[in-house]
There are 2 protein chains.
Amino acid sequence: MKTEKEFHDFLENGDKYYIPNLTIDCAIFGYHGKELKILLAKWRGLDGWGLPGGFIKKKETLSNAATRILKEKTSLDKLYLKQFHVFGDSEFRRKEKEGLSFSPGNNRYLLPKNSWLHERTISIGYYALVEYSQVNLMTDYFIEELVWQDINQVPKLLFDHNEMLSYALRNMRINLYHIPIGYNLLPNKFTLPEIQSLYETILDKKLDRRNFSKKLLKLELIKDTKEVKKIGQHRSPKLYQFDMKKYNEALKNGIVLAI
Amino acid sequence: MKTEKEFHDFLENGDKYYIPNLTIDCAIFGYHGKELKILLAKWRGLDGWGLPGGFIKKKETLSNAATRILKEKTSLDKLYLKQFHVFGDSEFRRKEKEGLSFSPGNNRYLLPKNSWLHERTISIGYYALVEYSQVNLMTDYFIEELVWQDINQVPKLLFDHNEMLSYALRNMRINLYHIPIGYNLLPNKFTLPEIQSLYETILDKKLDRRNFSKKLLKLELIKDTKEVKKIGQHRSPKLYQFDMKKYNEALKNGIVLAI
DNA sequence: GCAAAAGTGTTGCACCTACACCCATGG
DNA sequence: CCATGGGTGTAGGTGCAACACTTTTGC
């Protein structure tokens, strides 16, 4: 949604291109340094923050829609995306909206009473994990601003988005024990302390170095590159790499990781 | 959908009462004796079997819609229902349908080309577990017949319903280890061999009697009623009962059951 | 040589699996 | 008293958590 023309066409005729009543919202978790962040979007005209989201095109698959929405905001296109819940029960999701307005380029635009955008929406929640320094945040006619917010300092969000976020977080953490992560979050070659720190950040707890390395190596998803990383005035840690064949098998078949 | 009037009103004006493009399909698993069955529905006019399903009313919550659909077919209203996946990616779910017809009371009724029912539908999958001898199967203008089919003898189903069923089954089995079951599946008072048989049937594997009882009792979800059940020419097994307080807590907080 | 981080091995304990004997019941 | 299914205890193994010392590096 780049131009004003596109924007008005969407407001007036969006229901010809998109499925009304049904949206996708994405909890995009970003890992960087040793922090877990969530990507929040500020809509023009709505005074507050929420998760980025969008509508599904009439003939688009759900996974393509979710990928497209993510790409529009972050310009990433290879990432791990997972459906985690459908939201249609809260007060907000049962009733039609009214008096929605948008302020593209600071021209306030009040939606007509019978606008398709006033209809009730049921939302499919997806979550993603990305390395946030690789992300190129992109605003548009709807999104005034995008920020990475520390997961522990999320303000009150619009609609039912706090509930969505908490579902996403819980789901993502449970999934961590059954699905390998890291390929989209770490450099190509990484050290054991780096990947351990990733897990510690996401799970928000300290892990034992010795036990972590035993458990992770037993899965055989990563292999020693025989190189080390120079980190200055300390012993140089070994560099590891994902074994993509085994990693992809693990993505498909699941893992059991008891950390 | 009981009368012909209602039926025609639904075909012509359904999109005024229901959200188009979005449906709910239910994989209703039935336990009885020592067998796991799935409830299949035969639609009038569509030549084949599928999972029971329906549309969501404009102002209805998703859980109410799923419960309503289940009640319409089984007349049960207290049961365990769980959302497990949204289906919108398969070939069938991406394109609009055409030439749908129904045969209520054997009067063939061909839908007009622009009928709202020809639109693409995205479907939210729910699964339920019920004790099938308590179920009162109810057909209507759409459903010509409902049958319980052994889980190992499911034929090729309509649309993507085989895929749905296999997702549902996998999800339900995984959930078994994290959520207590049995309250809707067993008599009020039941014996250890009975509940063990339930687990064995659902998981499709034999479990060790001694270990099973130790693990289950440790959860403290069931309590000894100090009664026994007369089963004829054998030792009388003790009768147990769910401790509803703990059972409901376990439903909310989850359990860890390593059987 | 010292400060900081990486690497690694062992032991105890809890839990799980595997397994066998006795008990109750009705015919 | 016998056939059948119910009830229970124990020994052995596995795997996890807890824990400390040695190595590497740059200054």
Side-chain angles (χ1 to χ4, degrees), chain A residues 33-35 173-174 176-178 182 186-187 189-201 203-241 250 254-259, chain B residues 33-35 173-174 176-178 182 186-187 189-201 203-241 250 254-259:
Chain A
K34 303 198 169 190
E35 294 192 330
R173 283 179 173 152
I174 291 173
L176 209 60
Y177 297 98
H178 304 296
L186 293 169
K189 294 174 183 177
F190 54 89
T191 67
L192 277 185
E194 280 167 356
I195 191 170
Q196 177 172 346
S197 177
L198 168 66
Y199 274 89
E200 288 181 336
T201 303
L203 293 174
D204 196 25
K205 65 179 179 192
K206 272 278 165 206
L207 302 172
D208 184 276
R209 197 152 37 101
R210 292 157 285 207
N211 296 335
F212 180 83
S213 97
K214 269 179 283 183
K215 287 172 194 173
L216 190 63
L217 290 171
K218 198 163 58 176
L219 292 179
E220 297 185 315
L221 296 177
I222 64 173
K223 51 190 185 193
D224 195 335
T225 62
K226 309 286 179 201
E227 299 168 57
V228 293
K229 180 173 183 175
K230 295 278 178 200
I231 54 162
Q233 177 181 359
H234 306 292
R235 175 164 181 176
S236 307
K238 297 186 193 171
L239 281 165
Y240 290 84
Q241 223 172 7
I255 57 174
V256 177
L257 182 57
I259 57 176
Chain B
K34 303 199 169 190
E35 294 192 329
R173 284 180 173 150
I174 292 173
L176 208 60
Y177 297 98
H178 304 295
L186 292 170
K189 294 176 182 175
F190 52 88
T191 67
L192 277 185
E194 281 167 355
I195 191 171
Q196 178 173 345
S197 176
L198 168 66
Y199 274 90
E200 288 181 337
T201 303
L203 292 174
D204 196 25
K205 65 179 179 192
K206 272 279 165 205
L207 302 172
D208 184 277
R209 196 153 35 104
R210 292 157 285 212
N211 296 335
F212 180 81
S213 100
K214 269 179 284 184
K215 286 172 194 173
L216 189 63
L217 290 171
K218 199 163 57 175
L219 292 178
E220 296 185 317
L221 295 177
I222 63 175
K223 52 188 182 193
D224 195 335
T225 62
K226 307 290 178 197
E227 297 168 59
V228 294
K229 180 174 184 175
K230 294 279 177 199
I231 53 162
Q233 179 181 358
H234 307 291
R235 176 167 181 172
S236 309
K238 296 187 195 170
L239 282 165
Y240 290 85
Q241 222 172 9
I255 57 174
V256 177
L257 182 57
I259 58 177

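Naming convention: chains lettered A, B, ... in sequence-line order (proteins, then strands); numbering from 1 in each chain.
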Length of the [atom1]-[atom2] vector between [X] and [N], whole Å:
| X | N | atom1 | atom2 | answer |
| --- | --- | --- | --- | --- |
| A:Lys226 | C:dG7 | NZ | C1' | 14 Å |
| A:Lys206 | D:dA17 | NZ | P | 16 Å |
| B:Phe212 | C:dC15 | CZ | P | 19 Å |
| B:Leu217 | C:dC15 | CG | C1' | 16 Å |
| B:Glu200 | D:dG5 | CD | C1' | 14 Å |
| A:Ile222 | C:dG7 | CD1 | P | 11 Å |
| B:Gln196 | D:dG7 | CD | C1' | 12 Å |
| B:Phe190 | D:dG6 | CZ | C1' | 16 Å |

Please check the phosphate of [N] (OP1 and OP2 only) for any side-chain N or O of [X] closer than 4.0 Å.
| X | N | value |
| --- | --- | --- |
| B:Lys238 | D:dT8 | yes |
| A:Lys218 | D:dC16 | yes |
| A:Lys215 | D:dG15 | no |

Residues that B:Lys238 engages under salt bridge (charged side-chain N to carboxylate O under 4.0 Å, His left out), provided they are two or more places apart:
B:Asp224
Return yes if some donor-acceptor pair links the side-chain N/O of [X] with the main-chain N/O of [Y] below 3.5 Å, else return no.
| X | Y | value |
| --- | --- | --- |
| A:Thr225 | A:Gln241 | no |
| B:Lys229 | B:Phe190 | no |
| B:Ser197 | B:Pro193 | no |
| B:Lys215 | B:Ala258 | yes |

Could you tell me whether B:Lys229 contacts a base, only the sugar-phosphate backbone, or nothing, with contacts defined as non-hydrogen atoms closer than 4.0 Å?
nothing
I want to check something: taking the side chain as every heavy atom from C-beta on, are A:Asp204 and A:Arg173 in contact at a cut-off of under 4.5 Å?
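Heavy-atom side-chain distance check passes, below 4.5 Å.
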With rounding to the nearest 0.5 angstrom, report the CG to OH distance, B:Leu207 to B:Tyr199.
10.0 Å
Contact string for nucleotides 19-27 of chain C, one letter per nucleotide 5' to 3', B = base within protein heavy-atom range under 4.0 Å, S = sugar-phosphate only, - = neither, reads BB--BBBBS
